[in-house]
Asker: 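Here it is, the structure, as structure tokens.
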Amino acid sequence: LSGKVRAVRGVYNALLCAKENGIEMAIVPKGNENDIPEGIKYAVVEDLQEALDYTLNQKVLMTKAEKEAEMSTVDDYSSIFNKVDDEVSLDNVKDFASAKFAMAVAAAGKLNLLFYGSPGCGKTMLLQRFGQLLPLMNKEEMEVVKRIRSLVGFLNDEDNIRPFRMPHQSASIEGMCGGGVHCRPGEISLAHNGVLFLDEAAEFRSSVLQELRVPLESKQITLSRAGRSTVYPANFQLLMAVNPCPCGNFGQEGKICLCSATSVKTYWNKFSAPLLDRVQIKVKVEKECIDFTLGTLRKMIYLAFVVAQDRGGFVSELPITDKCFNANWELVKDYNGRKQDNIKRIARTIADMYGQEKIEESDIKHAIELCGEIPLENI
């Protein structure tokens with residue numbers, strides 16, 4: 001009864017709807033300062049007395065400062081990426097040239113990525129830094145992300161940095177896909193316009209992994225509860241880190257695998273063929289004596305990003321019939337249709353990263369390597 005007001009969920013969503021209906025002024029509780037959409041005049045209050053003062057005395061309500069210019073107007077490639085602390089920079093992870101290049105191709109083409117290898121080889125350490133390769137969001141992308149975040153009650157993440165969601169292996173279908181009484185968004189919608197990273201992906205429930213197939217294809221998810229249906233966007237990049245077997249030593253030189261053939265097959269059977277088909281890039285993580293710097297990778301991603309803007313979408317979002325995929329695809333004719341599509345998208349991305357209009361044979365060969373199969377033929 002003190003008259004104090006509390007921060008609440010859904011403020012950003014409510015104010016956006018208000019703005020769409022001609023309401024341009026709002027009084028919001030302290031704690032919701034970051035939940036204000038652009039163009040709304042607002043005041044932040046701690047109690048009802050302050051709210052009354054603004055109403056009766058007609059104090060001036062101010063709008064938020066204009067956000068940064070659209071990414072399409074930038075000339076310096078570093079301007080479209082977030083600043084990175086030296087302690088957590090990708091440059092601190094040394095001698096992983098192939099893995100880093102695969103990450104750059106995934107970021108440039110908005111492609112899905114799977115890293116596999118023995119425990120401690122660097123899979124998780126690399127993928128946790130994947131966000132450093134992603135361009136910042138533009139205004140339209142930010143608006144959708146903020147609306148989703150508003151529904152679950154947090155908007156304190158940096159506005160233009162792409163979401164990076166890393167759910168625990170115990171996550172349920174509802175936690176991953178959304179649901180509940182109020183049809184709240186799940187992890188895949190919270191990762192919209194960003195990344196969903198499944199560390200130790202084989203430890204997730206099979207049912208959870210299979211639920212990813214439809215959103216990966218349709219870029220959205222429909223939740224139905226008690227006669228109510230809600231559609232949430234789910235346009236995310238899937239990253240997975242996987243050990244080669246339950247003990248992690250299968251196929252590792254100088255190590256003994258304690259798993260039976262049956263247990264290794266069961267372990268990998270969690271990933272159905274349709275799910276793995278939707279993961280374009282599959283790479284074994286190994287140390288090398290060469291490396292890429294973060295700056296070099298960002299320059300290549302920037303080149304591909306500029307081309308993507310001109311085309312109207314990332315490589316993963318374009319129809320495979322687009323003229324940009326014209327090339328001599330004789331090398332891929334023996335693969336099935338989906339794998340051919342994956343190779344074509346990877347090759348087109350590599351060409352974009354090097355500023356090439358034409359897809360060269362070397363790009364196709366490199367794409368075939370990145371789109372390799374998990375080598376379990378000896379099981």
Side-chain angles (χ1 to χ4, degrees), residues 1-73 82-83 136-165 174-175 178-194 220-223 225-236:
L1 300 177
S2 65
K4 294 285 186 182
V5 295
R6 300 175 181 173
V8 293
R9 294 179 177 178
V11 168
Y12 184 85
N13 232 23
L15 291 183
L16 205 56
C17 290
K19 180 183 173 184
E20 291 169 356
N21 285 278
I23 300 172
E24 298 179 350
M25 293 184 289
I27 296 173
V28 300
K30 185 175 178 62
N32 289 117
E33 299 93 328
N34 295 324
D35 302 6
I36 316 297
E38 196 171 318
I40 289 282
K41 296 181 179 180
Y42 72 100
V44 177
V45 300
E46 293 189 14
D47 54 44
L48 294 177
Q49 185 61 56
E50 287 188 38
L52 190 63
D53 288 343
Y54 273 101
T55 305
L56 297 180
N57 300 330
Q58 297 182 346
K59 294 182 179 179
V60 177
L61 306 183
M62 303 297 291
T63 63
K64 291 178 97 171
E66 288 294 323
K67 296 188 182 294
E68 294 181 1
E70 291 286 353
M71 289 191 298
S72 59
T73 63
N82 64 310
K83 294 182 179 179
L136 300 171
M137 291 188 289
N138 59 31
K139 289 182 181 179
E140 289 76 17
E141 291 172 325
M142 286 164 50
E143 185 174 280
V144 178
V145 169
K146 291 186 75 172
R147 293 187 76 163
I148 297 170
R149 289 173 176 170
S150 177
L151 291 173
V152 295
F154 59 89
L155 275 170
N156 294 325
D157 294 355
E158 293 188 58
D159 285 346
N160 57 355
I161 294 179
R162 294 184 182 275
F164 189 97
R165 303 296 299 177
E174 184 176 300
V181 177
H182 301 292
C183 282
R184 305 244 176 200
E187 290 290 341
I188 62 174
S189 292
L190 290 170
H192 178 67
N193 286 331
Q220 64 181 26
I221 186 165
T222 302
L223 305 177
R225 298 290 186 276
R228 171 185 173 188
S229 182
T230 305
V231 179
Y232 286 119
N235 187 4
F236 60 92

Asker: Within the distance-only criterion (no hydrogens, no angle test), does the side chain of R184 pair as donor or acceptor with the backbone N or O of L151 below 3.5 angstrom?
Answerer: yes
Asker: Drop me the distance from I161's CD1 to M142's CE, to the nearest 0.5 angstrom.
Answerer: 10.5 Å
Asker: Looking only at heavy atoms, what is the nearest atom pair of A191 and P163, with distance?
Answerer: CA-CB, 4.1 Å
Asker: Quick one: pull up CD1 in I188 and CZ in R165 and give me the separation to the nearest 0.5 Å.
Answerer: 12.0 Å
Asker: Identify the two heavy atoms, one from E141 and one from L136, that lie closest to each other, and give their separation to 0.1 Å.
Answerer: OE1-O, 4.5 Å
Asker: Quick one: NZ on K19 to CG on L15, what's the gap to the nearest 0.5 Å?
Answerer: 10.5 Å
Asker: Is it the case that the side chain of E143 and the backbone of E140 share a donor-acceptor pair, with hydrogens and angles ignored and the cut-off at 3.5 Å?
Answerer: no
Asker: Set out, in order, the CA-CA distance, both residues' side-chain angles and the distance that settles side-chain contact (heavy atoms from CB on, under 4.5 Å) for M25 and K41, then state yes or no.
Answerer: CA-CA 5 Å; M25 293 184 289; K41 296 181 179 180; 4.0 Å; yes
Asker: Can you name the nearest heavy-atom pair linking Y42 to V28, along with the distance?
Answerer: CD1-CG2, 4.3 Å
Asker: Verify whether one side chain among R162 and N193 offers a donor that lies under 3.5 Å from an acceptor in the other.
Answerer: no
Asker: Which heavy-atom pair separates S189 from P233 by the least distance, and what is that distance?
Answerer: OG-O, 3.1 Å
Asker: Side-chain contact test, heavy atoms from C-beta onward, threshold under 4.5 Å: evaluate it for D47 versus S2 and give yes or no.
Answerer: no
Asker: Looking at CG of N32 and CZ of R9, how far apart are the two atoms once the value is rounded to the nearest 0.5 Å?
Answerer: 12.0 Å
Asker: Could you give the distance from CD (Q220) to NE2 (H192), rounded to the nearest 0.5 Å?
Answerer: 10.0 Å
Asker: Going through the distances and angles, do V144 and I148 end up as a side-chain contact (heavy atoms from CB on, under 4.5 Å)?
Answerer: CA-CA 6 Å; V144 178; I148 297 170; 4.3 Å; yes
Asker: Could you go step by step and tell me if C17 and R147 meet the side-chain contact (heavy atoms from CB on, under 4.5 Å) rule?
Answerer: CA-CA 10 Å; C17 290; R147 293 187 76 163; 4.0 Å; yes
Asker: Mind checking side-chain contact (heavy atoms from CB on, under 4.5 Å) for L223 and listing every partner two or more places apart, or none if nothing turns up?
Answerer: C183, I221, Y232
